[in-house]
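Below: the structure, in structure tokens.
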Amino acid sequence: QESILNNLSKGEIIYIVGSPPLMNPSLTGYFKDYNNRRAKKGIIQKVIKNYTGRKTLFLEKFKNTQVKYMPERMDLPTLFQTSKGIVCIGIYEPFPIIFVIRNKKIAESFKSYFELMWKLAKK
């Protein structure tokens, strides 16, 4: 996630699918700090949260954040985020594991998937 954030400038977009709820409270501080830094840099994030994410309005509180939700039966324990030739794929439970892929074609593929899901997701 940091590798994406560090490579973006004001007005650029991070695309996220999944956004599982944080069961590990030790991660909350990190994500609050991350989102504050992202918003301060003027970087936009478009997030498709799990359906159960409607219960916890965490990301929705940050500036430059657009959120939609997956259908009810599509709650995923994993997530991916992509922007500018980088893809991060991860899971937060029982502990965080994030894989970073630096490949323009793979990132474009994940962005295309995001765009399709964004059209299908609900506000």
Side-chain angles (χ1 to χ4, degrees):
Q1 293 168 321
E2 293 292 333
S3 57
I4 289 178
L5 183 62
N6 292 334
N7 286 301
L8 297 179
S9 301
K10 183 177 182 174
E12 292 185 299
I13 302 171
I14 301 171
Y15 304 92
I16 302 170
V17 172
S19 192
L22 292 175
M23 302 299 191
N24 185 339
S26 66
L27 296 174
T28 303
Y30 167 75
F31 283 108
K32 184 176 180 181
D33 175 65
Y34 172 88
N35 278 286
N36 284 328
R37 288 184 287 123
R38 177 198 52 77
K40 187 175 181 178
K41 282 181 74 171
I43 296 168
I44 300 161
Q45 69 180 359
K46 294 176 87 170
V47 183
I48 304 170
K49 290 176 69 175
N50 286 335
Y51 182 83
T52 55
R54 294 176 182 273
K55 296 176 186 173
T56 55
L57 302 177
F58 180 75
L59 293 175
E60 292 81 348
K61 297 175 184 177
F62 295 97
K63 291 181 181 179
N64 299 323
T65 300
Q66 300 172 28
V67 178
K68 288 188 175 183
Y69 302 90
M70 291 186 211
E72 187 171 358
R73 293 193 174 114
M74 286 201 59
D75 276 356
L76 305 173
T78 59
L79 69 97
F80 79 78
Q81 64 181 20
T82 187
S83 189
K84 218 171 174 182
I86 301 173
V87 178
C88 296
I89 303 169
I91 188 164
Y92 297 133
E93 297 299 327
F95 53 88
I97 300 173
I98 305 287
F99 295 95
V100 179
I101 301 169
R102 296 176 193 276
N103 182 284
K104 187 175 179 180
K105 290 199 181 279
I106 293 173
E108 288 171 358
S109 175
F110 274 85
K111 184 180 175 207
S112 292
Y113 176 73
F114 173 90
E115 289 170 346
L116 174 63
M117 292 295 294
W118 188 258
K119 289 178 186 175
L120 299 173
K122 305 291 183 198
K123 287 191 174 194

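Side chains included, hydrogens not; waters and symmetry mates left out as well; all remaining heavy atoms used. All values derive from a computational prediction rather than experimental measurement.
- Side-chain atoms of Asn50 come within 3.5 Å of backbone atoms of Leu76 as a donor-acceptor pair (strictly under, hydrogens ignored).
- A 4.5 Å side-chain heavy-atom check between Ile43 and Ile14 finds at least one atom pair inside the cut-off.
- When the side chains of ILVMFWY residues are joined at heavy-atom separations under 4.5 Å, either directly or via intervening members, Leu120 and Leu79 end up in two distinct hydrophobic clusters.
- For the residue pair Glu12 / Asn7, no side-chain donor-acceptor distance below 3.5 Å is found, with atom types taken as modelled.
- A 4.5 Å side-chain heavy-atom check between Ile91 and Pro96 finds every atom pair outside the cut-off.
- Here Asn6 pairs with nothing under the side-chain hydrogen bond (donor to acceptor under 3.5 Å, both in side chains) rule; sequence neighbours left out.
- For the residue pair Val100 and Ser3, the shortest heavy atom distance occurs at CG1-OG, 3.8 Å.
- Contact of the Gln45 side chain with the Asn35 side chain is registered, since non-hydrogen atoms from C-beta on lie closer than 4.5 Å.
- The CD1 atom of Ile16 lies 12.0 Å from the NZ atom of Lys46; values are rounded to the nearest 0.5 Å.
- Although no hydrogens or angles enter the test, the distance criterion places no donor-acceptor pair under 3.5 Å between the side chain of Arg102 and the main chain of Ile86.
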task = Begin with the C-alpha distance, continue with both residues' side-chain angles, and end with the deciding distance and a verdict on side-chain contact (heavy atoms from CB on, under 4.5 Å) for Ile98 and Tyr92.
result = CA-CA 8 Å; Ile98 305 287; Tyr92 297 133; 4.1 Å; yes

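- Side chain of Thr65 to backbone of Lys63: a donor-acceptor contact under 3.5 angstrom is found.
- Judged as a ring pair (Phe, Tyr, Trp, His ring centres under 6.0 Å), and not counting sequence neighbours, the contacts of Phe114 are Tyr15, Trp118.
- Atom NZ of Lys119 sits about 10.0 Å away from atom NZ of Lys68, to the nearest 0.5 Å.
- Formation of a donor-acceptor pair under 3.5 Å by the Ser112 side chain with backbone atoms of Glu108 is found in this model.
- A 4.5 Å side-chain heavy-atom check between Val47 and Gln66 finds every atom pair outside the cut-off.
- Classification of Glu115 and Lys111 as a salt-bridged pair holds, one side-chain N sitting under 4.0 Å from a carboxylate O.
- Heavy-atom minimum distance, Cys88 versus Ile4: SG-CD1, 3.8 Å.
- In this structure, Asn36 contributes its side chain and Lys32 its backbone to a donor-acceptor pair below 3.5 Å.
- Salt bridge Glu72/Lys122: absent, no basic N to carboxylate O contact under 4.0 Å.
- Within the 4.5 Å cutoff, the side chain of Arg37 has heavy atoms near those of the Glu2 side chain.
- Minimum interatomic distance between Ala107 and Val87 (heavy atoms only, all atoms of both residues): CA-CG2, 3.5 Å.
- With a 4.5 Å cut-off on side-chain heavy atoms, Ser83 and Leu8 count as touching.
- At least one donor-acceptor pair under 3.5 Å links the side chain of Lys41 to the backbone N or O of Leu5.
- With sequence neighbours excluded, the residues forming a ring pair (Phe, Tyr, Trp, His ring centres under 6.0 Å) with Phe80 are Phe110, Tyr113, listed by chain and number.
- Between the side chain of Arg38 and the backbone N or O of Phe62, no donor-acceptor pair lies under 3.5 Å.
- Of all non-hydrogen atoms in Tyr34 and Gln81, the two that sit nearest each other are OH-NE2, 3.9 Å.
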